[in-house]
Student: 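Structure provided below as structure tokens; questions to follow.
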2 protein chains.
Amino acid sequence: MLGDRMLPTNRFSTRPLYLQLRDALAERISHGEWKPGTAIPNESDLAREFGVSSGTMRKALDMMEGEHLLTRRQGRGTFVNDQSSDEMAMRFNNVRAKDGQRVSGRVRTVELTEGKANDRERDRLGLQVNDAVYRLRRVRLQGDRPFMTEETSYPTSLFPGLNDTKNPSHRITVLAQQYRLLLGKAEERISIGKANQTVATELGVPLDTPIIVLDRVVHDLDGRPVEWRTGYCNFTDQYYLADIG
Amino acid sequence: MLGDRMLPTNRFSTRPLYLQLRDALAERISHGEWKPGTAIPNESDLAREFGVSSGTMRKALDMMEGEHLLTRRQGRGTFVNDQSSDEMAMRFNNVRAKDGQRVSGRVRTVELTEGKANDRERDRLGLQVNDAVYRLRRVRLQGDRPFMTEETSYPTSLFPGLNDTKNPSHRITVLAQQYRLLLGKAEERISIGKANQTVATELGVPLDTPIIVLDRVVHDLDGRPVEWRTGYCNFTDQYYLADIG
DNA sequence: AAGTGGTCTAGACCACTCA
DNA sequence: GAGTGGTCTAGACCACTTG
């Protein structure tokens, strides 16, 4: 029982305890109380601390493992995932080289600007009329060959001061960790298009070359849009791999 | 405890009980003992029948719900999913109309043939040199306009007599249910291509028109490939939506 | 009111890792 | 051998649906 200690769970709420626990533990991660890569207390200690049974605590921890916040290893412990690791960064990247390997490659940042969100940005990012965004243009290269040029928009409210950063990461997982956001799901729309002048120049292909357009929105754990990216891909040596589960 | 009754779980196996239970219950579905759309016994009755605690039985049932085999509804019961329902059929279809709705549309079957699996079929379907496949060619239409032409291969060993069927379903979920297969995950490779003569004719577009190529393998619950489909899409009014979890 | 799944408890024992 | 997560038990109580 909670007794009279002040803990972030509420016995009188109708929200299931294990969800309240998840929220409380997730907050410890996003607030930096539990740091990436470190171990957290074991299940029974946490259960005692929060005044719940270990089964209920386990349900919360298992859920968080499914949300890529934690990794549990039998005999070792429970660890906070480092979102800047390659493994976590690749979660949202479904572009593969012909050999099946995920493509990370080098990235060249072309431009960073700030402005009022336009119609499409407001739609995709769920913003209001006067909300502002940061816009980044980048080119991704495999070896020396550019295969994707992208335009990315971030709500300024979620990434304050991003424009003052020297080299803002091109990985949304890294940015999110720096700005203490926990990422959840994403969706990506894939269609076909033609290279306009800008895209053609940056990809080094003729004007009107057929290209793949990737339109991706990444959300945080609560479903709020965090990043909108439009990528223009010359998929001569790559393909997109969608897992259907 | 199991006592001396013969039940398909084994206390001496190292495989966790809840996984053995899942297998046993899945078998009841695939064998037709539990029919699509019907309710199965409640949790505590099942637990008693198998001689396990209700918590362990629950873990198996929850897992099967995650595998789209069952649907559980508080106050009502646990039901076997009907894989021929629209909802289940749409699981593997990520093609959307511009308005965001899933595209089902009409389907025209062009050709059904049988033959030895070629190199790519053996690769994608994990077949041996002398294994045979059924091949189906179809055209999918939205309204009166064809937007995808597809070539699909099925191992004959999994779909015996498919060539004698009058109108074999174009939905893998329906075929699987008819042939008592339980479906698991799928992966889809998306790339860009050009319409060859056949594709151009069937889609009603000029030769060499840029098209989206969808290369999909559907597996059963045990990970065995069940269907390989290559779709050639004229995505003027559609796009592909990938969920990233 | 009866029956269902959903949550929660308070343990026990096992499998695995590491000093 | 001490400590961890993974499995399993045998219940209790709650929320929801239906006759």
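Just so it is clear: chains get the letters A, B, ... in the order the sequence lines come, proteins before strands, and each one is counted from 1.
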Student: Whether A:Arg72 engages the ring of A:Phe79 as a cation-pi pair (distance to the six-membered ring centre under 6.0 angstrom, angle to the ring normal within 45°) should be assessed.
Tutor: no
Student: Nearest 0.5 Å please: distance from the CZ atom of B:Arg96 over to the OH atom of B:Tyr239.
Tutor: 6.0 Å
Student: Whole-Å distance between D:dC8 C1' and B:Leu21 CG?
Tutor: 11 Å
Student: Once you apply a heavy-atom cut-off of 4.0 Å, does B:Thr78 come out as touching a base, just sugar-phosphate, or nothing?
Tutor: sugar-phosphate
Student: Send over the distance from A:Phe50 CZ to C:dC8 C1', rounded to a whole Å.
Tutor: 17 Å
Student: One thing to verify: whether B:Glu150 and B:Arg140 come together as a salt bridge, which I'm taking to mean a side-chain N less than 4.0 angstrom from a carboxylate O.
Tutor: yes
Student: Going by atom types only, do B:Asn81 and B:Glu87 share a side-chain donor-acceptor pair under 3.5 Å?
Tutor: no
Student: Quick check, are the ring centers of A:Tyr179 and A:Phe159 under 6.0 angstrom apart?
Tutor: yes
Student: Between A:Arg22 and A:Asp62, is there a salt bridge with N-O shorter than 4.0 Å?
Tutor: no
Student: Give a yes/no answer on whether the side chain of B:Arg76 brings an N or O atom under 4.0 Å of OP1 or OP2 in D:dC16.
Tutor: no
Student: When you measure from every atom of DNA chain D, which of residues 56-66 of chain B have a heavy atom less than 4.0 Å away?
Tutor: B:Thr56, B:Lys59
Student: Please confirm whether the shortest side-chain N or O distance from B:Asn42 to OP1 or OP2 of C:dG3 is below 4.0 Å.
Tutor: no
Student: Given side chain to side chain contact (heavy atoms under 4.5 Å, CB included), test B:Arg124 with B:Asp215 step by step and report yes or no.
Tutor: CA-CA 10 Å; B:Arg124 288 287 198 268; B:Asp215 176 320; 2.8 Å; yes
Student: In whole angstroms, how far is the P atom of C:dC14 from the CG atom of B:Leu17?
Tutor: 14 Å
Student: Starting from C1' on C:dG3, measure out to CD1 on B:Ile40 and report it in whole angstrom.
Tutor: 15 Å
Student: With distance as the sole criterion, is a donor-acceptor pair present between the side chains of B:Glu188 and B:Tyr240 under 3.5 Å?
Tutor: yes
Student: For A:Pro16 and for B:Glu43, locate the closest nucleotide of DNA chain C by heavy-atom distance; then report the residue assigned to the nucleotide nearer the 5' terminus.
Tutor: B:Glu43
Student: How many whole angstroms separate atom CD of B:Gln74 from atom P of D:dC14?
Tutor: 13 Å
Student: Output the rounded distance in Å from CZ (A:Arg72) to P (D:dT7).
Tutor: 10 Å
Student: For the pair B:Arg120 and B:Asp123, find out whether any cationic side-chain nitrogen is under 4.0 Å from an anionic carboxylate oxygen.
Tutor: no
Student: Starting at CG of A:Leu46 and ending at P of C:dT9, how long is that distance when rounded to a whole Å?
Tutor: 14 Å
Student: Tell me whether the side-chain N/O atoms of B:Tyr18 come closer than 4.0 Å to OP1 or OP2 in D:dT7.
Tutor: yes
Student: With nearest nucleotide decided by heavy atoms, which residue, B:Gly75 or A:Gly75, maps closer to the 5′ end of DNA chain C?
Tutor: B:Gly75
Student: Report for the helix from C:dA1-D:dT18 to C:dC18-D:dG1: angle between first-end and last-end helix axes, five pairs each, rounded to 10 degrees.
Tutor: 10°
